[in-house]
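Here's the structure, in C-alpha cells; my notes come after.
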Amino acid sequence: MRDVVSYNAMISGYARNAHGYAALNLFLDMKRICLQPDDFTFTSVLSGLAMLVNDEKHCQQFHCEIVKSGVVSVVSVSNALISVYLKCSSWSFLDPARQLFGEMPEKDELTWTTVITGYVRRGDLNAAKEIFDGMVKKIDVTWNAMISGYVHHGFIMEAFETFKKMFSVGVTLDEFTYTSMISACANAGLLKHGKQLHAFLLRTDPIPEPEWSLPVKNALITLYSKCEKLDAARRVFDEMSIRDLVSWNAILSACISVGHIDDARQLFGRMAERNLLTWAVMISGFAQNGCGEEALKLLNQMNKEGVCPCDYAFAGVFTACASLGALKHGRQLHSQLIRFGYESSLSASNALMTMYARCGNVEDAHCVFLTMPAVDSVSWNAMIAALGQHGYGVQALELFELMLSEGILPDRITFLTVLSACSHAGLVSEGCRYFELMDSLYGIAPGVDHYARLIDLLGRAGKILEAKDVIDKMPYEPDPPIWEALLAGCRIHGNMEMGIFVAERLFELTPQHDGTYVLLSNIYADIGRWNDVARVRQLMKDRGVKKEPGCSWIEVANKVHVFLVDDSVHPEVQYVYKFLEMLGVKMKKMGYVPDIKYALHDVESEQKEYSLSTHSEKLAVAFGLLKLPMGATIRVLKNLRICGDCHTAVMFMSKAVGREIVVRDGKRFHHFRDGECSCGNYW
DNA sequence: ATAGGGTTAG
C-alpha cells in the first residue's frame, strides 16, 4: 500500500536526483488520494524545487500550503522554503524569505547560512553581513560563505578581514577557506599573502599535501599565474597526482598570459578533454601572441569537431582579424556571430569594434558601438581609441566628454587612449589639461605609461625642453618608452643635441633595440652628417643589432599578400615595380620629389631614390591599385612606422589615381584622400 | 549551506 512514508521516500529520492517536477507530481498525487503530507514531505518537495531555476509560482503556492498544514514552525520545512524563495531571480521574493526568517521561532545554523548565501548570491553583501553579524553560533560554512561572497564580488579587503576574524575566534580553516582566500590573492595580485597561505596550508593542515582537494591546487596554479610566477604554477601543476579539466585550463591560460605560446600549444594537444573555455582561451591566446592565422584555424577546427563556439571564441578570432587586418574575414565572422545569436554579447562586440577599427574601418566600428544593446567601459575605451588612432582627435575627445556626461567613470586605460588621441591630432593643451584632471578630478594617479603619452604629446609638438622637464620631475625612473617618445620628438624637430643625449640613455637601457639606432641615424641624416650615419650603422653592426625588416600586407580577394622591402618573392612583384615606375612619372609631374634623406644608406642619390621606391608600403599600395576593383578603398598594413617619403608618395598617389588609401602603420592610421592625409603630416 | 579555470579596451 502507498502510505505517506513510501511517498516521502520516493519524493526525497527524486529531489536528491534533481527531478524537481517528478517530486512535485508525486506530491500532487498524494493530495489527490487524500494523503496528508507531513513535514518530511514538504521538506523533500521543496528541496527538489530548489534545484529548479526560478519557479516562482510554486514557491508561493507552497508557502500557503505549509501555513495551512501547520508545519511552518518545523525548522527544516521553513529552511527549505526560504531556500526556494532565494533561488527565485526576482527581487520581490527576497521579502517573504526575509519575513519568514524573522518569524521563525527557532532557527538552526542551516537557516542562518541559507539566508546569508542567498544574499551573497545576489551580490547584496551588506544584507548578508547584517545577518551574519546577528548570528551567534557561526559555523565554518557560514564564515566560508561570507568570504567567498566577498571574493567573488571583488571585496578583497573585506574578505581578508573576515578571514582574520575567523582565524582569531578559533574556527578551523578548511579547504574551502583556503581556496577562496588563495583565489582572493590571485585576483588582487597579492603574491606574498598567497604564498603565506600556501606555506601555512603545508605546515598546519592535517591533510597531507597529496590529498588536498583539486580546487585548492587549481587556485594555487591561478595564484602563481596571475602573479607572473609561471615556474611556480607549473610546479604545482606537474606535481598533481590527479588533474581535472579546470587544472588543465588553469595551466593553459597561465602559459598564454606570459606569452609561452609553444607550451600552450603543446598542452592543448595533450588535453584528453576540452570544453568551451579551453577553446576560447587557446583562440584568444593565439590572437594575442601574434598567431592570428592559428587562431582562425582553431575556430575552424572547433566547428569541424562539432563544438559550437561560444562568444568568447568569437572575441578571440576578432582580435586575430584585428591584428592581421583581415577585414573580409572579419566581416564573414561577424555574420557568423549573428547567426549563432551572439550579437548582443558584450565581449564579442567589443572585440568586433576593435576589429573594424584596426582594419581601417572606423565607420563600421562606430556602427557596432551605436547598435550595441549595452556597452561598458571597455566599449567606450575601444571607440575612443579607434577615433584617436585614425586621427580624429576632436571626435575622440567629444566621445570622451559624452562618456563623462553619461556618468561613466574613466579608468586608466581611458586616459591612455585620450592622451594618445590628443597626441595624434596635435591637441597639446587639451592633452595637458586631461593629464591634470586625471589625478585632481578622477583620483587616478598617472602611471609611467601615462607619462610616456604626455612626453609623446609634447615631443611631437616640438616642446622638447618641456618634455624633458616633465621627465625630470615625474615620480618615476624613466623607462625605455619614455625615452623613445622623447627621441621621436627630437627626430621630428631635428633636436640633435637632445636626441644624442636620449639615444645614449636608450643605448644603456636597451642596447639591442633597433629603433634607437634608426631614429638617431635619421636625425643625423636630416642634417646631412653622413659620417655619423655610418658610425651609427657600424655601432649597430658591432653590437649585432638587426633592424626589424619592414613589411606590409594587403587583403585582396580574401587572401593576404605580403611585401617586404625590395621584395622579389611575391609572384607578381615585377608588375608592381613597372606600375610604380609609370605612376612615379605622373606623380613627379604633379610635384612629387622623392625625399632621399629617409634612406638609411649613404649611397649615390640615384640609388637612394631607387631603394626608397621599393619600401614595402609602396609595393602593397601599388598592388592594391592594380588588383582591387575600381573605387574600392585600398587598405594597407605595415609592421613599422610609415617612412616620411612613403607618406608623401602615397599622398600623391591618392591624388594621381583618385582613390582613398588607408595605411595602418605600427602606431596609427593614415587616411589618404585627394593628396592629403588625415594625420595632417603630424605623426 | 561554502571552494577552483575564461573574454573584450591600451
Side-chain angles (χ1 to χ4, degrees), chain A residues 47 50 79 82-83 86 108-118 120-121 139-149 151-152 174-184 186 212-223 225-226 243-254 256-257 275-285 287-288 310-319 322 345-355 357-358 369 375-386 388-389 411-421 447 449-450 452-453:
Chain A
S47 71
N79 283 349
I82 288 174
S83 136
L86 291 170
D108 61 8
E109 290 89 359
L110 190 70
T111 323
W112 289 91
T113 312
T114 307
V115 177
I116 290 168
T117 52
V120 163
R121 234 182 262 132
I139 52 169
D140 50 0
V141 178
T142 329
W143 289 96
N144 289 340
M146 268 321 278
I147 292 174
S148 99
V151 176
H152 275 129
D174 61 11
E175 292 185 284
F176 285 83
T177 328
Y178 282 111
T179 308
S180 292
M181 287 311 297
I182 290 167
S183 115
W212 286 357
S213 66
L214 279 166
V216 177
K217 295 192 185 181
N218 293 340
L220 281 170
I221 296 177
T222 308
L223 166 74
S225 149
K226 290 263 172 75
R243 306 179 186 97
D244 66 0
L245 186 52
V246 178
S247 330
W248 282 90
N249 285 342
I251 195 68
L252 188 70
S253 49
I256 285 167
S257 68
N275 63 1
L276 285 178
L277 203 138
T278 320
W279 290 93
V281 166
M282 200 60 216
I283 288 175
S284 53
Q288 286 160 8
C310 63
D311 56 341
Y312 289 132
F314 274 102
V317 283
F318 289 138
T319 308
S345 156
L346 199 53
S347 42
S349 302
N350 287 340
L352 187 61
M353 273 167 56
T354 306
M355 185 277 287
R358 302 249 299 136
F369 181 70
V375 292
D376 63 359
S377 65
V378 176
S379 327
W380 285 96
N381 291 347
M383 196 58 230
I384 294 169
Q389 288 158 357
D411 58 16
R412 44 175 293 112
I413 307 278
T414 318
F415 282 105
L416 285 176
T417 63
V418 165
L419 289 169
S420 296
D449 41 358
H450 293 98
R453 311 277 167 121

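All chains are named by letter (A, B, ...) in the order of the sequence lines, taking the proteins before the strands, and each is independently numbered beginning at 1.
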Measure from the side chain of [X], starting at C-beta and using heavy atoms only, and say which of [options] lies closest.
X	options	result
A:Ala280	B:dG10, B:dG6, B:dA1	B:dG6
A:Gln288	B:dG4, B:dT8, B:dG10	B:dT8
A:Ser148	B:dA3, B:dG6, B:dT8	B:dA3
A:Leu277	B:dG10, B:dG5, B:dT8	B:dG5
A:Ser420	B:dG5, B:dA1, B:dG10	B:dG10
A:Tyr312	B:dG5, B:dT7, B:dT8	B:dT7
A:Asn381	B:dA1, B:dT8, B:dA9	B:dA9
A:Thr113	B:dT8, B:dA1, B:dG10	B:dA1
A:Asn218	B:dG4, B:dA1, B:dG10	B:dG4
A:Pro215	B:dT8, B:dA3, B:dG5	B:dA3

Legend entry - Side-chain N,O (A:Arg121) to OP1/OP2 (B:dT2) below 4.0 Å: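 Yes, because at least one side-chain N or O of A:Arg121 sits under 4.0 Å from OP1 or OP2 of B:dT2.
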Inset, instruction - Using only side-chain N and O atoms of A:Lys226, determine if any of them is under 4.0 Å from OP1 or OP2 of B:dG6. - result: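 Yes, because at least one side-chain N or O of A:Lys226 sits under 4.0 Å from OP1 or OP2 of B:dG6.
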Specify the separation, in whole Å, of atom [atom1] of [X] and atom [atom2] of [N].
X	N	atom1	atom2	result
A:Leu276	B:dG5	CG	P	17 Å
A:Met353	B:dT7	CE	P	19 Å
A:Ile147	B:dA1	CD1	C1'	14 Å
A:Leu416	B:dT8	CG	P	17 Å
A:Ile413	B:dT7	CD1	P	15 Å
A:Trp279	B:dT7	CH2	C1'	17 Å
A:Trp143	B:dA3	CH2	C1'	18 Å
A:Asp108	B:dA1	CG	P	10 Å

Counting the atoms with a prime plus P, OP1 and OP2 as sugar-phosphate, which does [X] contact under 4.0 Å by heavy atoms, base, sugar-phosphate, or nothing?
X	answer
A:Ser379	nothing
A:Val141	base
A:Arg412	nothing
A:Leu352	nothing
A:Ile139	base
A:Asp411	base
A:His450	nothing

Under the side-chain contact (heavy atoms from CB on, under 4.5 Å) rule, collect the residues that match up with [X], sequence neighbours excluded.
X	value
A:Ala254	A:Ser225, A:Leu230, A:Ile251
A:Leu245	A:Asn249, A:Met271, A:Glu273, A:Asn275, A:Thr278
A:Asp449	A:Arg412, A:Leu416
A:Leu214	A:Asn218, A:Met240, A:Asp244, A:Ser247

Legend entry - Residue from A:Thr417, A:Asn350, A:Asp411 passing side chain to side chain donor-acceptor pair (under 3.5 Å) with A:Asn381: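 When side chain to side chain donor-acceptor pair (under 3.5 Å) is applied between A:Asn381 and each of A:Thr417, A:Asn350, A:Asp411, only A:Asp411 qualifies.
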Legend entry - Residues within residues 174-182 of chain A bordering DNA chain B, heavy-atom distance below 4.0 Å: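 Of all residues in residues 174-182 of chain A, the ones placing a heavy atom under 4.0 Å from DNA chain B are A:Glu175, A:Phe176, A:Thr179, A:Ser180.
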Establish whether the base of [N] is bridged to the side chain of [X] by a donor-acceptor pair shorter than 3.5 Å.
X	N	result
A:Ser183	B:dA3	no
A:Asp244	B:dG4	yes
A:Ser347	B:dT7	yes

Inset, instruction - Mark yes or no for whether A:Ser180, through its side chain, and A:Thr177, through its backbone, hold a donor-acceptor pair below 3.5 Å. - result: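 Side chain of A:Ser180 to backbone of A:Thr177: no pair is present.
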Legend entry - With A:Ser420 via side chain to side chain donor-acceptor pair (under 3.5 Å) - residues at least two apart: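 With neighbours one apart ignored, the set is A:Arg453.
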Legend entry - Shortest non-hydrogen contact between A:Ala322 and A:Thr354, atoms and distance: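 Scanning both residues completely, I find the closest heavy atoms to be CB-O, 4.1 Å.
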Inset, instruction - Show the numbers, then the answer: is there a side-chain contact (heavy atoms from CB on, under 4.5 Å) between A:Phe369 and A:Val375? - result: CA-CA 8 Å; A:Phe369 181 70; A:Val375 292; 4.1 Å; yes
